[in-house]
**Student:** 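Structure provided below as C-alpha cells; questions to follow.
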Amino acid sequence: MRALGGVTLKIEPGATGLLGPNGSGKTTLLRILLGLLPADGSASVLGLDPARAPLAVRARIGYMPESECLIPGLAGVDVVAYLGRLSGMQKRPALKRAHEVMYYVGLDEQRYRDASEYSQGMQQRLKLATALVHDPDLIFLDEPTNGLDPDGRADMLEIVDELVREHGKNLILSSHLLQDVERVCTHVVMLDKGRVVRTGEIDQLTSDHTGTYEVRVDAAPDAFVEQLRAAGAEVAARAGLAALLVRLPDGEGTRVLFRVAREVGARVRHLKPTRRSLEDVFMAEMEKSNDG
Amino acid sequence: MTVDQAAYRTWDGVLRPGWKSVAAIAETEIRRVLARNWMRPMLGSILLINIVAAGILSMTVYKQVLGGQSVGEMAEQQGLGVIQPFAIVLRGFLLQVFFFAPVVVALTAGPLIAEDRRARAMPLYFSRPIRHWHYLAGKYIASLTFLLMITVLPPIGMFMVEMSNSPDQGILLDRLALLARGCLPGVLISVVLATGGLAISSLVERSNTATIAIFGAIFITAGMAPICAKLIFNDPTWNALDPFVAMQAIGNDILPPLPSLPSMINVQDVPGRAKDLPLAVAWTSIACWTGAGLVLLTLRIRKVEVVT
C-alpha cells in the first residue's frame, strides 16, 4: 500500500500544523520522519537523515503518538522516567526530570498512580510528558486533543501554545481539527490522499483573498446592492454583521464600489478585504483535490 | 522529591542512547514482574528450589558450630571424593527444576511482550532511540534472570558451600571448570525456554493467553517427542524434539562420572529417553529451538515496530 506519494516540502522552524482528513497520510509522514517507516525518497530532519541515522533523529525528537498507548504496570512518573532513560538519560536525572514534566503538564498530584488508571485526558497529558522528558529540539504531536473534553482540549492547546511561544519549541502538530492548528501553528501543511495539497504560512493563506470585500454604506443598502449586481458583482449579507460581502467582478478594482455608491447617493463607510478562515482555505483545497 | 517548578524548564544534560536502554528495559521489566499478584506463588517456587541449596548450607553451619562433618568430609570418608556429592545433588536437582522452569517461564516471559502489544506500547518504545534488538535484549535478560534464579543460582550455592567446606580448600579454584559444567544444563534450558516464551509472547496480545500457550507448547513438544520416536519413526533420535530431554542428555554427559555410586544415579544408567540420545543430536536440538525462537521473535518485533 502506498500511503504517501510525491511529497516534497520544507518545514520552517516554529509550529507547523499537518492538516488533513483521516487517512490522508499525516501519521505516516511523521513515522517516516522518525525513521520508523521506509520511504523511497529522502528526508532530512534537523540536518539528519532518518533512514540512515534513525536513532540520532529520535534522540532529538519528542513524539506523542495518536493511539491510546501506555507502558502497563507502572506509575505515571515511572513511565515518564523510563522513557527518558530509553532516550538516553541517566536513571536519577530521568526521574528528576519526570517529576518536573509531570508537574508542567498538570499531573503532579496523579504522578504516583498507576498510569493504566488514568482518564483519557490524563493519558494525553502523560503522553505529552513523555514527549517532553528529554527536552527535545523538535516535538511531533499526533492528534494531541483526541478524545478530550472542551476544557481538557483548551488546557492541552494552552500548554502546547506556551511551549512554542514562550519556550521557543519547534513542533509539528498533526490534526484533522482546523481550530487546533489555527490556535497553535504559524505554518500549515495540508495533506489529502497521501499528497501535499497546500503549504504555507497561515496568515498568508487566510489573507489570500479573491476580490471579496466587507462593505458598509451609510444609507439603506437595497439600491446599492441592486446597482452592484447590475455591475456584475456578487453580493451577500454577512450573518451577524451590518456589512455586505461583495465579490467584485474579475479585473475590477474597488473603484467600482465608490462609483456605485455615488450613483445611489450613498457613501462607503467601511471597506475591508475579507480574510478567509483556515477552514475556507482547507475546504477549497480539498475540493480541488477531489476534482483533480 | 519536592517539585516547585511552575514552568517548563529546559534540560541541558547529555543523552547517551544505546546499550543502557537494554539495562533500563530489563530492570523495569523485572520490577513489573515482581509487582504482579501471581508473583507470590512463583517466588514460593523459587524459594523451594533454593531450599535445596540451603539444606547443604545448614550442614555446613552444623559442622562449623558443633564440629560436625561437612558433606565433602562425609563423602571423603565414604571414598566418594569431594566432587561426587555435588554431582549427585545437582543431577537430582536438575530433574526437579524441569518441573518448575515451565511455570516460571510461563508466568514471567508470557506477559513481557504480550502486555506491551495489548497496551499498544510499541510506539512509545520505538519512537525512542532504541533498536528492536535493544528491546528484545532487555526483555530477554528480564526473562532469563528469573529462570537462572532457579536453574543456576542454587547449583552455584551448592558448589560454593560444598567446596569451601572440603578438607582441601585449594580444590575450589581447581574445580571452577566443574562449576561451569554443572551450571551449563541450567543455562541451556533457560535460554531455550526464555527464547520460546518470548516468541510465543510476541504472537498474542493477552498475557493469560501467552501463559497458557507457553504451557501448551511445552507439553505438546514433550508429548510429541516420544510419539515420533516410538510410534512414527521408531528412532530414539526423535526424542530430541523435547528440549528438556536434549538438555538432560547434555547434562548427563558433562557432569562428572560417579563410578562408585549405585547404578540408579550413575551417568550411564540414568533412566529415561535422554539415555539413548546422541550428544550431537541433543546439541542440535537445543540450537534449533533457540534459533527458531530467535528468528520468530526478531521477525515479529520488526513487524510490530513497522506497524505501530
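Every chain is numbered from 1, with letters handed out A, B, ... down the list of sequences.
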**Student:** Please walk me through it: do A:T130 and B:R128 pass side chain to side chain contact (heavy atoms under 4.5 Å, CB included)?
**Tutor:** CA-CA 10 Å; A:T130 64; B:R128 304 282 147 180; 3.8 Å; yes

**Student:** Would you call A:E66 and B:P123 a side-chain contact if the rule is heavy atoms closer than 4.5 Å?
**Tutor:** no

**Student:** Less than 3.5 Å apart, any donor N or O on the side chain of A:S67 or B:R120 sitting next to an acceptor on the other?
**Tutor:** no

**Student:** For a 4.5 angstrom cut-off between non-hydrogen side-chain atoms, does A:D78 reach B:R31?
**Tutor:** yes

**Student:** Can you confirm if the NZ or CZ of A:R97 lies within 45° of the ring axis of B:Y8 and under 6.0 Å from the centre of its six-membered ring?
**Tutor:** yes

**Student:** Could you look at A:Q90 and say if it's the side chain, the backbone, both or neither that has a heavy atom under 4.5 Å from chain B?
**Tutor:** side chain

**Student:** What part of A:A131 gets closer than 4.5 Å to chain B, counting heavy atoms only: side chain, backbone, both or neither?
**Tutor:** backbone

**Student:** Need one label for B:V14: side chain, backbone, both or neither, based on atoms under 4.5 Å from any heavy atom in chain A.
**Tutor:** backbone

**Student:** Under a 4.5 Å cut-off applied to non-hydrogen side-chain atoms, are A:L55 and B:P17 in contact?
**Tutor:** no

**Student:** How far does CD1 of A:I71 sit from CD1 of B:I25, to the nearest 0.5 angstrom?
**Tutor:** 9.0 Å

**Student:** Is chain B contacted by the side chain of A:P65, its backbone, both, or neither, given a heavy-atom distance below 4.5 Å?
**Tutor:** side chain

**Student:** Please state whether the side chain, the backbone, both or neither of B:A24 comes within less than 4.5 Å of a heavy atom of chain A.
**Tutor:** both

**Student:** Please say which of A:K96, A:E100, A:M89 ends up in a side-chain contact (heavy atoms from CB on, under 4.5 Å) with B:W11.
**Tutor:** A:M89

**Student:** Checking heavy atoms, do the side chain of A:H134, its backbone, both or neither come under 4.5 Å from chain B?
**Tutor:** both

**Student:** Quick one: are A:S87 and B:P129 in side-chain contact, heavy atoms under 4.5 Å?
**Tutor:** yes

**Student:** Could you tell me the separation between the CZ atom of A:R58 and the CD1 atom of B:I130, rounded to the nearest 0.5 Å?
**Tutor:** 8.0 Å

**Student:** From B:S21 OG over to A:R85 CZ, what is the distance, rounded to the nearest 0.5 angstrom?
**Tutor:** 9.5 Å

**Student:** Do other residues, nucleotides or ligands put more than 12 heavy atoms under 6.0 Å from B:R36 CZ?
**Tutor:** yes

**Student:** So which of A:L83, A:L163, A:L132, A:V105 has the biggest tally of heavy-atom pairs under 4.5 Å with chain B?
**Tutor:** A:L83

**Student:** Would B:R9 and A:D135 pass as an ion pair if we require N to O under 4.0 Å?
**Tutor:** no

**Student:** Side chain, backbone, both or neither: which part of B:R118 has a non-hydrogen atom closer than 4.5 Å to chain A?
**Tutor:** neither

**Student:** A side-chain contact here means heavy atoms from C-beta on lying under 4.5 Å apart; do A:I61 and B:S127 qualify?
**Tutor:** no

**Student:** As an exercise, state the distance from OH of A:Y82 to OH of B:Y125, rounded to the nearest 0.5 Å.
**Tutor:** 3.0 Å

